[in-house]
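For reference, the structure is listed below as structure tokens.
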Protein chains: 4
Amino acid sequence: MNQPRTKRGEQTKAKLLAAAEGVFAEQGYQAASIARITERASVAQGTFYLYFESKLDLFEQLVDDLNRRVRKAMSDGAARGSNRAEAEREGFREFFAFTAEHPALYRVVREAEFVSPGAMRAHYERIVEGYREGLERARAAGEIGDVDPEVAAWALMGVGEMIGMRYVLWPTGDDGPYGTGATPVPDDVFDEMVAFVQRALGTAPSELTAAAPAARTQEDS
Amino acid sequence: MNQPRTKRGEQTKAKLLAAAEGVFAEQGYQAASIARITERASVAQGTFYLYFESKLDLFEQLVDDLNRRVRKAMSDGAARGSNRAEAEREGFREFFAFTAEHPALYRVVREAEFVSPGAMRAHYERIVEGYREGLERARAAGEIGDVDPEVAAWALMGVGEMIGMRYVLWPTGDDGPYGTGATPVPDDVFDEMVAFVQRALGTAPSELTAAAPAARTQEDS
Amino acid sequence: MNQPRTKRGEQTKAKLLAAAEGVFAEQGYQAASIARITERASVAQGTFYLYFESKLDLFEQLVDDLNRRVRKAMSDGAARGSNRAEAEREGFREFFAFTAEHPALYRVVREAEFVSPGAMRAHYERIVEGYREGLERARAAGEIGDVDPEVAAWALMGVGEMIGMRYVLWPTGDDGPYGTGATPVPDDVFDEMVAFVQRALGTAPSELTAAAPAARTQEDS
Amino acid sequence: MNQPRTKRGEQTKAKLLAAAEGVFAEQGYQAASIARITERASVAQGTFYLYFESKLDLFEQLVDDLNRRVRKAMSDGAARGSNRAEAEREGFREFFAFTAEHPALYRVVREAEFVSPGAMRAHYERIVEGYREGLERARAAGEIGDVDPEVAAWALMGVGEMIGMRYVLWPTGDDGPYGTGATPVPDDVFDEMVAFVQRALGTAPSELTAAAPAARTQEDS
DNA sequence: AATGAATGAGCATTCATTCAT
DNA sequence: AATGAATGAATGCTCATTCAT
């Protein structure tokens, strides 16, 4: 009563997941109804329960799926950077791009504490885990300052989430009741934020960051 | 049809607000029912509508009220500091203390995007406004580096929110379905976080921050 | 617990009755709330129960009062006529004038079957009684044809009510959700209707009716 | 989300309409609860909303349906008559028969001004339209006097409604709180009323009407 | 006489889920 | 695999009425 056994079933489940992502992005988890999701997926209501045990099950599968994908995007981005500073920069770039493309993830996770606390914590912990490992490696390599990787990772998570909310999701929230807004973070904001983070981490300067409009503090005095 | 006109009415409305804060903290906005709130306040269900137009109206009044109080606490904390670094430190301390005492604020705001987007944005914007003004003054006084106050303020908001969620609200979330957890942020985490922020802002060192276990990076090497 | 004992009480009850008539006319009995009525009367809700036992009691007092007044107006009108035809004409004229000034009566009575069947029947029966007595006298005097006074009286009631609804209450029903419309019946419609009734009753022709655009049938052939 | 797609759904909707007609007839629109209607139809409350958007929607569908049927019955009755007088007589006969069988129509329409003014006006206007067309044809054919078809049609509507209320619905209103009374109009009343109408219209005498106990007025003297 | 706070039963409506076809 | 009809518990909200002051 869960995994599709035929190619047709496969497609139906995929249609349902895609429809759910859209509806969740527009209305949130609580306001999204199975009726609305199945309607958007063009299947009958009963069909839903062929592939999901409950609304909650759908939610958790969706968060899990999106979480996997955002982490993949972020690590792909980071891998593109040829030094630590670039890796940080590109990781954030992908994070915001993903947020813009999949507002559902961001929005739904914020409702998740009262829906599935486990799914919510797992989501954040997995992303933080990625940050932390990166920070640990960077610190071992002397590319960043003497920061506590765990605390710093949570702080980075917070910066990314808040900047994403403010600059990616708010501006054009005009389609649907709450919009499914999707704009890139303006370049200057992005640069400022990256500089903020790199000062916080003490990331070794590179050509890129040297060019950024960052504060020059202790060294200046 | 809204404001209490007698002392008794005043008390009843206060009881309702207090009960609502508790229920929201435990169950979130969506799951909280008027029945549960009035029951906890020991008044009849109809009484609720003497003072609130709807569940949403209650929500907005509550968020507004808590927002006012958290900002007061933060600015009182900052005022206690005798220099910029101490002001930052004490502001965050009060923020976390408030979060520990009023988990409802934190939790409910995260559901708010789909409940009252306006209330949610107003909440963040007001806090950020306070941060930004502080940063502008500090920059003019040469107490911090050359940061963009707006972007930095949103970043600080993000750091505070995420650390608050992780270290204040998660640990003991065991009473009620999702807990009303309330622990102080562990000292070492708090110190690390403050150091993180101060490096990001380029806050001029003081005895306090000099003593903190912060990263000493470029200079050290 | 019912009749006002002081001059002030007298005024309060009168304010309540007037307010009720207005609210009933606009919203009907069912949708009218005590809260709305007391608000319009500028008294507290509790005050209502000083003068009325219940919403139903108010309703019955109001219908009774209006019924008394409409019958008075109609018989005064009829008395003004110097012959049978004029009496009929003037009675109807007053009936429509009253309907225009007191739409509440008309509107509320139509809801009354499910509110207070007794009040509703009494209202109609009393008016019909007036018609019937008039018809009996007229028949005895040879002023009208050989009609059954009871059946004819009910038919007259029906004609008056329907023409009143259609031509007095519908046209300008634009203030408030359903309007409190009040226009005089257009002269030509009024004349047609009176002629209709007088042919039905076989009212002896007079100068007035002779001038009306009525059908002249059997006699003509 | 509205029209049944299967035979079973068809039956369920029909059961709901029938139950609603019964409950409306007994208690009126306002007092009728969805719970009562679904209970009588032996379906769950939620089922109601599969076929009706709201209580109001049900009301309008029901009035529309009954209106269609009463007009069909009336025109079938009129068609049975072999001359104008008979057509009038048979039309009224069917109208009263319908009222006796479907007291809901009559009763509910009287509450309708405050429920759905549009539905109420449409109901009357459609019936009046039928009368008017009949009168226009009859006048062109010289079968009735020189009456204004519009005003006369409204007057006929009023006569029919009031006589129907008085003689069909009042007598045996004893089952249920207000009864669902249903008696034929007594023959003598019916004859009197038809004669009243025919004198008013100046309907050309026929064998039928000649036999009726109608007033013979001007001619007699 | 008047107030207005408080009550609590009652109602329309929603929605996740089940089931017969 | 898919459908869509059916369920019924749950919820926000209204309102006539009562009561303490």
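Here is how names work: the chains are called A, B, and so on, in the same order as the sequence lines, proteins then strands, and each is numbered from 1.
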Please output the side-chain donor-acceptor pairs of residues 59-66 of chain A that fall under 3.5 Å, not counting sequence neighbours, one pair per line with the distance.
residue, atom, partner, partner atom, Å
Glu60(A), OE2, Ser116(A), OG, 2.5
Gln61(A), OE1, Lys13(A), NZ, 3.0
Gln61(A), NE2, Asp57(A), OD1, 3.4
Gln61(A), NE2, Asp57(A), OD2, 3.4
Asp64(A), OD1, Arg126(A), NH1, 2.9
Asp64(A), OD1, Arg126(A), NH2, 3.3
Asp64(A), OD2, Arg68(A), NH2, 2.3
Asp65(A), OD2, Arg69(A), NH1, 3.1

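- Residue pairs meeting the side chain to side chain donor-acceptor pair (under 3.5 Å) criterion with at least one member in residues 33-43 of chain D, sequence neighbours excluded, are Glu26(D)-Arg40(D).
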**Q.** Nucleotide pairing, DNA chain F (Watson-Crick or G-U, distances under 3.5 Å), in dot-bracket with [ ] and |
**A.** .||||||||||||||||||||

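- In this structure, the CZ atom of Arg5(D) is 15 Å from the C1' atom of dA6(F), given to the nearest Å.
- For the pair Leu50(B) CG and dT3(E) P, the computed distance is 16 Å after rounding to whole Å.
- Shown here are the salt bridge (Lys or Arg N to Asp or Glu O under 4.0 Å) partners of Arg8(B), two or more places apart in sequence or in another chain: there are none.
- Per the geometry, OH belonging to Tyr51(B) stands 19 Å off C1' belonging to dG12(F), to the nearest Å.
- We find that NZ of Lys15(C) is positioned 7 Å from P of dT3(E), with the value rounded to whole Å.
- Remark: the backbone N or O of Ala32(C) is not paired with any side-chain donor or acceptor of Gln27(C) at under 3.5 angstrom.
- Among residues two or more places apart in sequence or in another chain, the ring-ring contact (aromatic ring centres under 6.0 Å, His included) test is passed with His102(D) by Phe98(D).
- Distance Phe52(B) CZ to dT14(F) C1': 18 Å, rounded to the nearest Å.
- Per the geometry, CG belonging to Leu16(A) stands 13 Å off P belonging to dA1(F), to the nearest Å.
- Note that the CD atom of Glu111(A) and the CD atom of Glu111(B) stand 6.0 Å from one another [nearest 0.5 Å].
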(Q) Counting primed atoms plus P, OP1 and OP2 as sugar-phosphate and everything else as base, spell out the protein contacts along nucleotides 16-21 of chain E at 4.0 Å heavy-atom distance: B, S or - for each nucleotide, 5' to 3'. (A) SBB---

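- Going from atom CD of Glu39(B) over to atom P of dT7(E) covers 13 Å, rounded to whole Å.
- Glu113(C) and Arg107(D) are joined by a salt bridge, as a carboxylate oxygen and a charged side-chain nitrogen come within less than 4.0 angstrom of each other.
- Between Ala44(A) and Ser42(D), the residue anchored nearer the 5' end of DNA chain F, judged by the nucleotide with its closest heavy atom, is Ala44(A).
- Because its NZ or CZ atom is not both nearer than 6.0 Å to the ring centre of Tyr51(A) and within 45° of the ring axis, Lys15(A) does not count as a cation-pi partner of that residue.
- In this structure, the separation between OG1 on Thr6(C) and CD on Gln11(C) is 8.5 Å, given to the nearest 0.5 Å.
- Atom CZ in Arg36(B) sits about 14 Å away from atom P in dA10(F), given to the nearest Å.
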